[in-house]
Each structure stands twice: as structure tokens, then as C-alpha cells.
Amino acid sequence: MAKFVPQDQMPLVDQVRVRHEKLQTLQQEGRDPFRITRFDVTHHAQEIKDRFAELEEQSVRLAGRIMSKRGMGKAIFADLQDRSGRVQLYIKVDEMGEEAFADCRKLDVGDIVGVEGPVFKTQRGEISVRTRSVTLLSKSLKPLPEKFHGLTDKELRFRQRYLDLIVNPNVQENFRIRSRFISFMRRYLDGQGYIEVETPVLNTISGGASARPFVTHHNTLDIDMYMRIATELPLKRLIVGGMERVYEIGRIFRNEGMDPKHNPEFTSVELYEAYADFHRMMDLAEGIVSGAAKEILGTYQVSWMGYDIDLTPGWPRLTMIDAVKRYVGIDFGAISDDAEAVAAAKAAGVELNAAAEPTWGNALFACFDQKVEEHLIQPTFITMYPVEVSPLTKRSPADPRLTERFEFFIAHSEMGNAYSELNDPIDQRGRFLKQMEQRERGDDEAEMIDEDFLNAMEYGMPPTGGMGIGIDRCVMMLCGVDTIREVILFPTMKPLDKEKPEKAETKAEEKPVEAAPVVEEKIDFSNVVIEPLFQDQVDFETFSKSDFRAVKVLACEAVKKSKKLLRFTLDDGTGTPRTILSGIHAYYEPEELIGKTCIAITNLPPRPMMGIESCGMLLSAVHKEGEEEKLHLLMVDPHIPAGAKLY
């Protein structure tokens, strides 16, 4: 006799088959759960627990998903999960009748049911529902992840958020906090006399920020259009039109790298107020973030990124010159010459962006960007940015090299950006032209000239304060999570199979067939061009001094302000993490390299790049196919331990 195997211990394919058979039987009996359109709910799980004293022995109707089921002879205990939490169901044959009880035995974990019965407390003190009727509302055809280990793989959690929300109900709290934060922000701004507006997502000009846009095509107009990288310029047109206080909460799209703090599409709020300056914006930023924390969490104290953060109002305000003087030791206030400023930055190990002019302002900003941000843990406003990096900002009356701009930082993360807005159309045109020169030098994130915006400004724009705040990062802080993907329901993910969309069309038509024999992929090298081999020979003693080691990628992220560089944190077997920068972002996203085993030269002298010391070099293979350069980072068998030496 074949040994009995409980359904939940069967191979996955057999569990799915059994569930399909159960559904087919129900459909043949005229009891198809998918034909049910409604179930009236009177109470929810947490409500039953909170109001037990008044609901005891009263009949309730609730619906949800069965998360566990265990049988004890003529009784079944099950946990039902709805949007509020879980409650125990007590299903007894005496209460249900033989036939209905038998149907309950056939229910699977994951099935969605509606139940009715009185509330009571078991002998062990568990608040439960003594179930009198159970209605199957939806049959789960796939088993949920194994109950003890649940869904812990982050990659799978983000790709299949629906499963994440089912088996990790605490995740839902992040999105409740997100909803409450946005709700608070709306109420706060509405209370300040602002009105919420909507502006276009598709634009013929990409402007309002320094970022690379997504490009799409409008078929009817037969023109390329840009998905917005900011809402700034349309909102400022409304200020010109006399709508004195406006804001927009909306999705922004930037065709840039992905890392724990960046997603290509994200949510921000931008707001503009006529007759105000950047000092007013600081007050609003502090009021929104501190007020939201107090209302949602009940405290100004939060823990984020390993730090204890105090959001109590009264945040420090520090000019960029003072911040660089404090943390880098260079007093740019005492420097007036461009060459002297650039030399001082270089002496501090700071490199200017290749497309940036070698000016005092660019040197000041590079020092701040590369050396100061990492020190800004508690909420801090950094003010008075150089004009070179603030093309839409009003110059400071006290120093025309600087602008009335601030960014505020928490746990060395930029949370928001604000200006006393530039309202001089002549100055604005000149700044746009400077940005165009930068584009021509290869900076594809520099702004384009928006002639219609300049036309609007020429009609007269009042003095205006404006600000943008990243909603996702604020929610990250309130939730205490370290990656933006935890607060975006469906974050951007690299496809598991680049050809998947094409295969999806034929998948539904294909019938299951026996697995075909594996056929080795044929790789076409006919169009490959490689560099000529070196003719100069290297003696063995010199070569043997290079230390080639296997390294494990512990972390990988895009280097801020660089389109090419990835920053690797590596395990080289010594117990001390090693940092290496590599210019391969055009070929790989950071997330896909974490956990890989690579090869590095580990005894090269440290080399500063973008203010970060790179200690070694990762090896890649480079060739051309036609005119296109191809690169493959050398990745080897993961069984090779970190630190293994290559001979």
C-alpha cells in the first residue's frame, strides 16, 4: 500500500494539481467559487478582538484568507487574515453539519472565505469565531510560501509584492504610514492656503532639474516627448498666472541608476509660494516632516540608517561655505580665485565633474558633495549654494557667486531642495545658456532651454519661494527602512528574462510537453573585434607581483553624480571590507552584482575617484561588435572562497 503523504508535504507540482482538482470538482457540482460576486462583511479581525466585551456571543460576518488550518478529530482550527489582522476560527462538526464540515476539511491554506458565527473565547483564552457557515469565495491554486520561513528573499518579495503583503502583513504598515504621510502633507499645505494642482507628465522639453529623462513617442503628433523629471517649470507658470500658492504631489521619472535610495520613478511634492523666500520654505519643510512624525509615530524621535534621529523643530541651518570649512578644513570664504579654489579642492582629494567648468563655485560644491554629506546625521539645512549648480535660483544679494538655496539632510541623505526662485528672465536665459554649454560638453543631465517658460517670466513673476521634497525618502525614515523598495509597492526591477515579453504571447497557446533535451547555445563571434595583443613582453618577476584574488560582492551602489561609476564593497578574505570603484554602470545595475564572485587586483595603490578611494581593480573582458563596445565583468564559480589567490 502506498504511503499517505499530507498535501502540504507533497512536491509543489502535486500540490498545485490537487488544488486544481478540488476546483474542478466544485465547478462540476455547480459550486464554482469564482461565480460569487459579493459577501457582506460586518466586522474585521482586529475589531473583534478590540470589542470582545460587547461582541461576545454576538454573530459576526467577516471575510479573508485562511493562513493556517489544523484539524483535531471533529473540530478544525484555522487562522483567518483580513486587512486588520488575524482571528481564529473554530469549526466544529456539531455546529456545521457533516456535509459542510467535510467541505471545510477540503479547504486549503490560501483560500479566501467568508464566515459567519458568534464570537467567543476558547478554554485557552483565544478570542475566536465559532463558525456556523463558511463560504468559499476564491480558490487558491498555488500554495503560499512555507509557513515557518515565509517569504524572506528580498528580490522575490519586491517582484511578487502580492505574496509579500499576504505572508508578511507587517509590510502593509509601511504603506499605511506612506498614505498617512501624504494625507498629513495635504492637510498641512491646504491649511497654509495652498491649492493642489496637476501638471503634464509628458513634455516637449525636459526641464526643472538636472537629470536624464525617459524619452517616448507621441504617434498622432509624430514627435518625441519626455516624461517629466520635475514639476517645477509648469508650477512656476501658474505663479506667473496669479495662483499664488500651489503644490503638486506626483510621480517623477528619471532615467538613471537604481540603488537603495533611488528608483527610476518616484514620488515628490513640489510647492511654490509667491512673495516668500527660502527662509519660509525652511519653516514649511520643518513643519511638514516634524509634524508628520509627531502625528503618525507620536514622537519626534526615530531610528533610521543605524542612527537615532531627533526631528524636534529648530533644525540647525549652516551655509555651504561654513559646512566645508568645518568638515574639510578649506575656507572658501577667504578664496576668490578660481584656480586657487580648484587647487584647494584637489589637495583635499576632491575631483570636479569632467563636464564642470573649473570655477570657485564648482570647487566649493564638489568639496561639499564628496566630503561633507556623510557627516550630516541630524536634520540640517545647508544653505547658499553656488550659482553654477543652481540654474533656477535667485542670486544672493550679499555674494552674487551664491544663491538663496538650501537642501536639508537627515542621516546623510538629501531629503528636500528649495530656492528663492529666480524671477529675472534675462538672468534665467543666461543660466539656461550655461546649461546648454554643459550639455555640449557631454553632460546629458544639464537642462534644456525652455522658451515658453522664459516667455512666461517676461510677463513678470513675483518673488517666489519654491521647494521639492522626496516623499519616498521621508517615508523610509518614518518606517525605519534602509531601501526605497520597501516603501514603493511595485519598484522597478530588472526583468529575469529579457525576452520574456515575446515569450508571453505564445505561452498561453502552448500545451505542456515533455522537457526537450538541452541544446548548447550557439554564440556568434563572427562580428567580434578585439584589441591587438601586446607585443611588449613582461618578465615573470614583474607579473608575479600583481596580486589577483577572488572577491565576493557584499554591496554595490551607483556613485552619486557619476553616470559610469559603481562602488563595490568587497570581501577579499581579510575580514576588512574593500572598496573598489569601476566604470561599468552602462553595462550592469548594482543590484544584479550583489553576491557575485569576481576577480580583483588587490595590491594597486589607492586611487581617489569622485572623492572616494578605490583600492584595487576589478577585471572585465572588453571587445567590440561592429562599432559597439561590449563589456563583461569576470564572474567565477561561487564555490571559490573570498581571498583565494589566482596563479
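All values reported here derive from a predicted model rather than from experimental measurement.
For the pair R317 and F381, the distance from NZ or CZ to the six-membered ring centre is under 6.0 Å and the angle to the ring normal is within 45 degrees. In this structure, R405 fails the cation-pi test against Y419, since its NZ or CZ atom is not both closer than 6.0 Å to the six-membered ring centre and inside 45 degrees of the ring normal. The cationic atom of K371 (NZ for Lys, CZ for Arg) does not lie both less than 6.0 Å from the six-membered ring centre of Y327 and within 45° of the ring axis.
In this structure a side-chain-to-backbone donor-acceptor pair under 3.5 Å is present from E286 to G314. A donor-acceptor contact shorter than 3.5 Å is absent between the side chain of W360 and the backbone of A339. Listed for the S179 side chain is no donor-acceptor partner under 3.5 Å among the backbone atoms of I177. Side-chain N or O atoms of S290 include one that pairs as donor or acceptor with a backbone N or O of L311 at under 3.5 Å. Judged by distance alone, the side chain of D259 and the main-chain N or O of H262 form a donor-acceptor pair under 3.5 Å. Without hydrogens or angle criteria, Q378 side chain to P316 main chain gives no donor-acceptor distance under 3.5 Å. Using a distance-only test at 3.5 Å, with no hydrogens or angles considered, no donor-acceptor pair links the side chain of D190 to the main chain of G193. Proximity of a side-chain donor or acceptor of S183 to a complementary backbone N or O of F181 within less than 3.5 Å is not detected. In this structure, D472 contributes its side chain and F266 its backbone to no donor-acceptor pair below 3.5 Å. At least one donor-acceptor pair closer than 3.5 Å links the side chain of R395 to the backbone N or O of P400.
R212 is linked by a salt bridge (charged side-chain N to carboxylate O under 4.0 Å, His left out) to D444, counting only residues two or more places apart in sequence or in another chain.
Between the side chains of Y272 and E270, a donor-acceptor pair is found at a separation under 3.5 Å. A donor-acceptor pair shorter than 3.5 Å can be found between the side chains of D222 and H217. Remark: the T299 side chain and the K294 side chain contain no N/O donor-acceptor pair separated by less than 3.5 Å. Side-chain contact, T359 with D338: no donor N or O sits under 3.5 Å from an acceptor N or O. For the residue pair S614/R567, the side-chain donor-acceptor check at 3.5 Å is not satisfied. In this model, no donor atom of one side chain and acceptor atom of the other lie less than 3.5 Å apart for S396 and E404.
With contacts defined as side-chain heavy-atom distances shorter than 4.5 Å, the pair L631/Y588 qualifies.
With rounding to the nearest 0.5 Å, the separation of OG1 in T319 from CG in L402 is 8.5 Å.
Using a cutoff of 4.0 Å between basic side-chain nitrogens and carboxylate oxygens, E357 and K434 are scored as salt-bridged. Salt bridge annotation for E248-R228: present, with a cationic side-chain nitrogen under 4.0 angstrom from a carboxylate oxygen. One finds a salt bridge joining K494 and E592 here, because a Lys/Arg side-chain nitrogen approaches an Asp/Glu carboxylate oxygen to under 4.0 Å. Using a 4.0 Å cut-off between a side-chain N of Lys or Arg and a carboxylate O of Asp or Glu, E451 and R429 qualify as a salt bridge. D322 and R326 are not joined by a salt bridge, as no carboxylate oxygen comes within less than 4.0 angstrom of a charged side-chain nitrogen. Between D399 and R401 there is a salt bridge, since a side-chain N of the basic residue sits under 4.0 Å from a carboxylate O of the acidic one. A salt bridge links E273 with R280: at least one charged nitrogen is closer than 4.0 Å to a carboxylate oxygen.
Ring pair F368/F409: centre-to-centre distance below 6.0 Å.
Across L566 and V559, no two heavy atoms sit closer than the pair C-CG2, 4.1 Å. Shown here for W304 and V481, the closest heavy-atom pair between the two residues is NE1-O, 2.7 Å. Looking at every heavy atom in both residues, E295 comes nearest to F184 through OE1-CD1, 3.5 Å. Closest approach of G207 and A230 over heavy atoms only: O-CB, 4.0 Å. D224 and V215 get closest at one heavy-atom pair: CB-CG1, 4.0 Å. Across every non-hydrogen atom of L392 and R431, the tightest pair is N-NH1, 4.3 Å.
Within a 6.0 Å radius of CD in E173, more than 12 heavy atoms belonging to other residues, nucleotides or ligands are found. Heavy-atom contacts from other residues, nucleotides or ligands closer than 6.0 Å to CZ of R251 number more than 12. The number of heavy-atom neighbours closer than 6.0 Å to CZ of R176, taken from other residues, nucleotides and ligands shown, is above 12. Other residues, nucleotides and ligands contribute at most 12 non-hydrogen atoms within 6.0 Å of the NZ atom of K346. For I426, the CD1 atom counts as loosely surrounded, since its 6.0 Å shell holds 12 or fewer non-hydrogen atoms of other residues, nucleotides or ligands. By the 6.0 Å contact criterion, CZ on R83 is open, its count of non-hydrogen atoms from other residues, nucleotides or ligands being 12 or less.
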Practice prompt. Evaluate the criterion side-chain contact (heavy atoms from CB on, under 4.5 Å) for residue pair D424 and Q428; output intermediate values, then yes/no.
Written response: CA-CA 6 Å; D424 178 348; Q428 181 66 80; over 6 Å; no
Worksheet entry | F406/H279 under ring-ring contact (aromatic ring centres under 6.0 Å, His included): CA gap, chis, key distance, verdict | CA-CA 9 Å; F406 76 78; H279 294 288; 8.9 Å; no
